[in-house]
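Atoms within each ligand, like the ligands themselves, are counted from 1 in listed order. Both backbone and side-chain heavy atoms feed into the values below; hydrogens, waters and symmetry mates do not.
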Amino acid sequence: MTRPDEPRTTEDSKVDSGTDSQSAALPVQGLVHLRGTGVSVVIDVTGPTLPRIVHWGADLGELADDDLAALLAATAAPPQPGFLDVAAQVSSVPEASLGWQGRPGLSGHRDGRAWSPRFTVVETRLATGGDGLAVRLRDEVVGLELDWELELVAGGLLRQRAAVTSRAPGVFDLQGLAVVLPVPPAATELLDFAGRWSKERTPQRRPWGVGTHLRESRRGRTGPDAVTVLVAGEPGFDFDAGEVWGVHVAWSGNHVSYAEALASGERVIGGGELLQPGEVRLGPGETYRGPWLYAGWARGLDALAARFHDYLRARPQHPRSPRPVTMNVWEAVYFDHDPATLARMADLAHGVGVERYVLDDGWFRGRRSDRAGLGDWFVDDDVWPGDTLSSLAAHVHSLGMQFGLWFEPEMVNPDSDLFRAHAEWVLQPEGAGRWPLPGRHQQVVNLAVPAAWDYLHERIVATVRGIGVDYIKWDHNRDLIEAGDAMTGRPGVHAQTEALYRLIDAVKADCPGLEIESCSGGGGRVDLEILQRTDRVWTSDCIDALERQQIQRWTTQLVPPELMGAHVGADRAHTTGRQHTLGFRAVTAMFAHFGIEWDLAEATDAELAELAEWVAVHKRFRSLIHTGTTVRRDLPWLGAALHGAVAPDRSAALYSISALERTSASPVGAVRLPGLDPARRYRVGQVGPAPDLDVVGAAVPPAWWRDGLVLPGRVLAGAGVQLPGLDPESAVLIEARAVD
Ligand code: DGJ
């Protein structure tokens, strides 16, 4: 039997291995207690088998060794009558050899053998800084080594991953490697997300009975229907109530997320990459490393979202400069590029306060529609003759704005010079004599082909440097199906995903200061691994404010507002045909990285003036929105929803109240303002240009509306404030600012 090495003690308060004087006893106890931001994780690394999470949830306070030992005893389940003679061990990579009768963590075989490992610990290390563990395990019989890591990161978020190395002759055919976390029996409801193009992150909720809620994404990208966060919680959990445990698989390719409840009582949530047959075949000494599984425990969905936000905000690469108000010209001109029109658009954008101007699809060779040109990343001389595109960038810069440009590097139209020259670079099934079914008239370039990767890298970097590009909108408009490597015949999504990460990393390294937006036909590539190397996500192609309210509300379950693009569109939404006032469109885009996507040449002077006012409102509040704590509430009795940002020191807050399901403008009743300091006094007032009050005058604003009022935070949270009657699909903005 191999015992874990002695973990080093650390001064970091996150590690509690008993009292300092007893720290030497830790390896004997074999329990590691990580604490941070109101969370405790107690891990049993006694060995010899896989680490086991004994507790993941509320902070247990400082625990001496005796307490930890007693906790282990208190939580050890007895054998279940009618099942095995021993209690099943729910480890982080569950194994049948330890009695786990659900989905195995590791699945695979070596020529039909080596399919049921029982790993024993070789070495256990505390991670640098003491906020994590790294355990190496081995099974000599099956010839595999397993490396498991767990870290408690900023925000009290956990992350966990595993890697497997083959240590025996032959090929180990890996079919899956998932990591899981246990959740208590009280978690009997599940929430996750589905969706489609233009309707991303649609919530779905269900009771969690015995069985597996399994979500598999085989789109070769994160997907508009991605799980995003899989939440298990106490019955009735809400934004501000109920214990919740949530996981996110940080991977931009095929992936699996699941919640599994066994009849014997165990419950786990977890996931990993979804591997296709033959996709990962490990020769001796070869390693496969799975993606991070991020996991958060909290009371209420807002607190869970805050853990993800706090983690992202603590990263060194997190954008810290004010997020520039953006003009994207896609819905203004689509493929109709005319240099003079687009220069005029830049002037109009500058006039309303825009700080970043993005030229979307249509600037490169042959790209007059979505049927041709993808892959030919050279400026199209037909529409941008001579140096007119560089001149537009220079004009944008001269106005003090940044210049952004659209790319879709992984894609190729069959009608392109690239495809004609290098059809072998395209992902395709081996020897089938057919191409994968087209999507938006395009196929997918195999980034794992070094020459293809080099070509794209060179084209992107040369264009960025040549034109003076500050920002790339990096798009990806189709799913990967039958995505095989033409040279090896093997499935290629895993290699594609890794090559994409390398490509973005290399472009960023070669173009210092360049920011990148992750777009995928709207919000189809929103995950924490793409966000390690990009600076915002395009949330959805639907900028209808009503739809956006839902899409953004749930995107913030994972993504903080400063990384989530939201644009004010035309009064008539292009994707739905709905018409909304400018006020509703602007308030909806407010709690995000704000932008405009509207042909400003068609806007009236009054609209331009009002838009400029909304841009100014956003600039006034963006540092609050982009550093604050997100609060969300359903106000079903009002047919409305509250969304807000509260400053970290609770000195100020901004709220929107949006009428999403109303049919008339009758008064909506008192709305409570959450998140404020109960003891402080706040001045509350309406913000922005004249709000969309009841247009027929049926509702009179409440007495305080015109001049504002001052009340303690506890009163605002407990009694609330009356609002004016809101028309259906309208919104108001309210500010609360501490006066003491
Ligand atoms: C899909 C994106 O989501 C849109 O915003 C736009 O960039 C188009 N692609 C361009 O083809």
- Item | Asp415/Arg420 ion pair, N-O < 4.0 Å | yes
- Heavy-atom closest pair, residues Val537 and Arg525: CG1-O, 4.1 Å
- Message: Check this for me - ligand 1, Trp330, N or O atoms closer than 3.5 angstrom, yes or no?
- Response: no
- Query: Angle class for the His248/Tyr294 ring planes (parallel below 30°, perpendicular above 60°, tilted otherwise)?
  - Reply: tilted
- Message: I need the minimum non-hydrogen distance between Val383 and Pro339, along with the two atoms involved.
- Response: O-CG, 3.4 Å
- Message: Under 4.0 Å from a heavy atom of Asp361: which atoms of ligand 1 are those, numbered in the order shown and with their elements?
- Response: 10 (C), 11 (O)
- Query: Based purely on interatomic distance, does Arg440 place a nitrogen or oxygen under 3.5 Å from a nitrogen or oxygen of ligand 1?
  - Reply: yes
- Where ligand 1 meets Asn477 - atom numbers and elements under 4.0 angstrom, heavy-atom basis: 1 (C), 9 (N)
- Taking all atoms of both residues into account, what is the closest heavy-atom pair of Met590 and Leu654, and its distance? CG-CD2, 4.3 Å
- Among protein heavy atoms, which sits nearest to atom 9 (N) of ligand 1, and what does the distance come to when rounded to 0.1 Å? Asp475 OD2, 2.7 Å
- Using a strict 4.0 Å cut-off to heavy atoms of Lys473, name the atoms of ligand 1 that fall inside it. 4 (C), 5 (O), 6 (C), 7 (O)
- Message: Students should be able to answer this: which protein heavy-atom is nearest to atom 4 (C) of ligand 1, and at what distance?
- Response: Asp541 OD1, 3.3 Å
- Task: With heavy atoms of Gly522 as the reference, note each atom of ligand 1 found under 4.0 Å away.
- Result: 3 (O)
- Query: Ser540 and Ile551: which non-hydrogen atoms are nearest, and at how many Å?
  - Reply: OG-CD1, 3.6 Å
- Query: Angle class for the Phe335/Trp330 ring planes (parallel below 30°, perpendicular above 60°, tilted otherwise)?
  - Reply: perpendicular
- Query: Does a salt bridge link Arg367 with Asp380, judged by any charged N lying under 4.0 Å from a carboxylate O?
  - Reply: no
- Task: Evaluate whether atom CZ of Arg315 has more than 12 neighbouring non-hydrogen atoms of other residues, nucleotides or ligands under 6.0 angstrom away.
- Result: yes
- Go through ligand 1 atom by atom and flag the ones less than 4.0 Å from a non-hydrogen atom of Gly521. 1 (C), 3 (O)
- Query: What about Glu597: any of its N or O atoms under 3.5 Å from an N or O on ligand 1?
  - Reply: no
- Heavy-atom contacts with Trp538 under 4.0 Å: which atoms of ligand 1 show up? List them by number with element. 3 (O), 5 (O)
- For atom 6 (C) of ligand 1, which protein heavy atom lies nearest, and how many Å away is it? Asp360 OD1, 3.4 Å
- Going by the order shown, which atoms of ligand 1 are within less than 4.0 Å of some heavy atom of Cys519? 2 (C), 3 (O)
- Measure Met411 to ligand 1 on non-hydrogen atoms and call it side chain, backbone, both or neither using the 4.0 Å cut-off. neither
